[in-house]
Protein chains: 2
Amino acid sequence: MTSSAAQTSPRKRAGNGAVQRSDSDEVGLDALVGHAGYAVRRLQIWIFQDFIRTLGEVDIRPTQYSVLTVIGANPGLSQMAVAKRLGIERARLVHLLDSLERRRYVKRVKSKTDRRSHALHLTAQGATALAKFKRLAAEHERHVEAKIGRENRQHLLRILADFT
Amino acid sequence: MTSSAAQTSPRKRAGNGAVQRSDSDEVGLDALVGHAGYAVRRLQIWIFQDFIRTLGEVDIRPTQYSVLTVIGANPGLSQMAVAKRLGIERARLVHLLDSLERRRYVKRVKSKTDRRSHALHLTAQGATALAKFKRLAAEHERHVEAKIGRENRQHLLRILADFT
DNA sequence: GGACAATTGTTGTCGTCAACAACAATCTTT
DNA sequence: AAAGATTGTTGTTGACGACAACAATTGTCC
């Protein structure tokens, strides 16, 4: 029993089946409330948009930021390792790195221990840039805090801790 | 202070800059931990994949499910209203409804009160199908519960309640 | 009442992103 | 040495959001 076929008040009709509904009248969500996925999706959209807006002046998107952060914290990583760590496909990482390399934030050094792979490093320029990005990201994080509340954010982080 | 330029142990190098790292050696995330957006993104991906897998036998994706649910709970809504409620573009909703109408789950009834708009309804077939989808969605929700814990899920839903 | 603005559904384009598949070069295993 | 696995790369597909344009219709304002 899933409380599935829950019927919600069908409001007043207008003959043909169109519902009379004033503009501010809210639309029932029925079973969508109670679905974690739906709520998480909405939050995710909000967070990403704020991130993109806050880091807009430096033109860095969330994925780019995560790549730079991981490389900065683990210089010398291979593309495979970065992709696996961030859960993005290595095919996708190729384009991300192409872009970041064009902007002189990252360089691919050919590894001598394994001539198939590249050792990823931040350039000096990339390191200083990343420092600025992190300041902006912290600002963005304060926006999140303002949106959902300080201890709610803390709790959220704790709940999702093992999702890395 | 953002604790920005936090330096994490750069491990042992191998001459050219490649890092020696055993397969199970974990890769530091540095500043990524502590970013709500990153954690939320990972959770969102996990949830969506489980949803798609669990509702795979009926070939219904999260967005399709949300559209059917809203129409089922509010028969007679216009496309505009549904799009606004779910935060999807009306241009996108056109294709979603085309697909759902082809599968005989939904029908567009031309409204007589406003000849521009369509009143959206589930077909009888769509209603019974939705009941099954809801059972599967509830099963998916139990997967989420098993993944993050019962009261963590509850708390998550409470935190995100006003994100509708 | 009639001109003008706004809304609704539709079509189309563009860019992002995940999921695959295929490939050459290069290890690794046996 | 041969067979199989891994790494980076290229390309294709499909879902999705953001826009812009358009015809039909409705609402507004004078």
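A note on names: the letters A, B, ... follow the listed sequences, proteins ahead of strands, and every chain is numbered from 1. These numbers were taken from a predicted model, which means no experiment stands behind them.
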What pairs with [X] under side chain to side chain donor-acceptor pair (under 3.5 Å), at least two apart in sequence or on another chain?
X	answer
Arg104(A)	none
Gln44(A)	none
Arg103(B)	none
Glu141(A)	Arg153(A), His35(B)

Which donor-acceptor pairs under 3.5 Å do the side chains of residues 51-60 of chain A make with protein atoms, sequence neighbours left out?
from, atom 1, to, atom 2, distance (Å)
Thr54(A), OG1, Asp50(A), O, 2.7
Thr54(A), OG1, Asp50(A), OD2, 3.3
Thr54(A), OG1, His143(A), ND1, 3.4

Can you list the residues that meet the side-chain contact (heavy atoms from CB on, under 4.5 Å) rule with [X], with sequence neighbours excluded?
X	result
Glu89(A)	Arg92(A)
Ala39(B)	Leu160(A)
Arg102(B)	Asp98(B), Ser99(B)
Leu97(B)	Val67(B), Ile71(B), Gln79(B), Leu93(B), Val106(B), Arg108(B), Leu120(B)

For atom CD1 of Ile45(A) and atom P of dA15(D), their distance in whole Å: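 One finds 18 Å between P of dA15(D) and CD1 of Ile45(A), rounded.
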Gap between atoms CZ and P, on Arg61(B) and dT13(D) respectively (whole Å):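 In whole Å, dT13(D) P and Arg61(B) CZ are 18 Å from each other.
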For nucleotides 27-29 of chain D, tabulate all protein N/O to nucleotide N/O atom pairs closer than 3.5 Å, reporting atom names and distance.
none

Sugar-phosphate, base or nothing in reach of Gln49(A), heavy atoms under 4.0 Å: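 It contacts sugar-phosphate atoms only.
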Residues within residues 89-103 of chain A bordering DNA chain D, heavy-atom distance below 4.0 Å: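 The answer is Arg90(A), Ala91(A), Val94(A).
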Covered region of DNA chain C, 5' end to 3' end, by chain A [heavy atoms, under 4.0 Å]: dT16(C) to dC27(C)
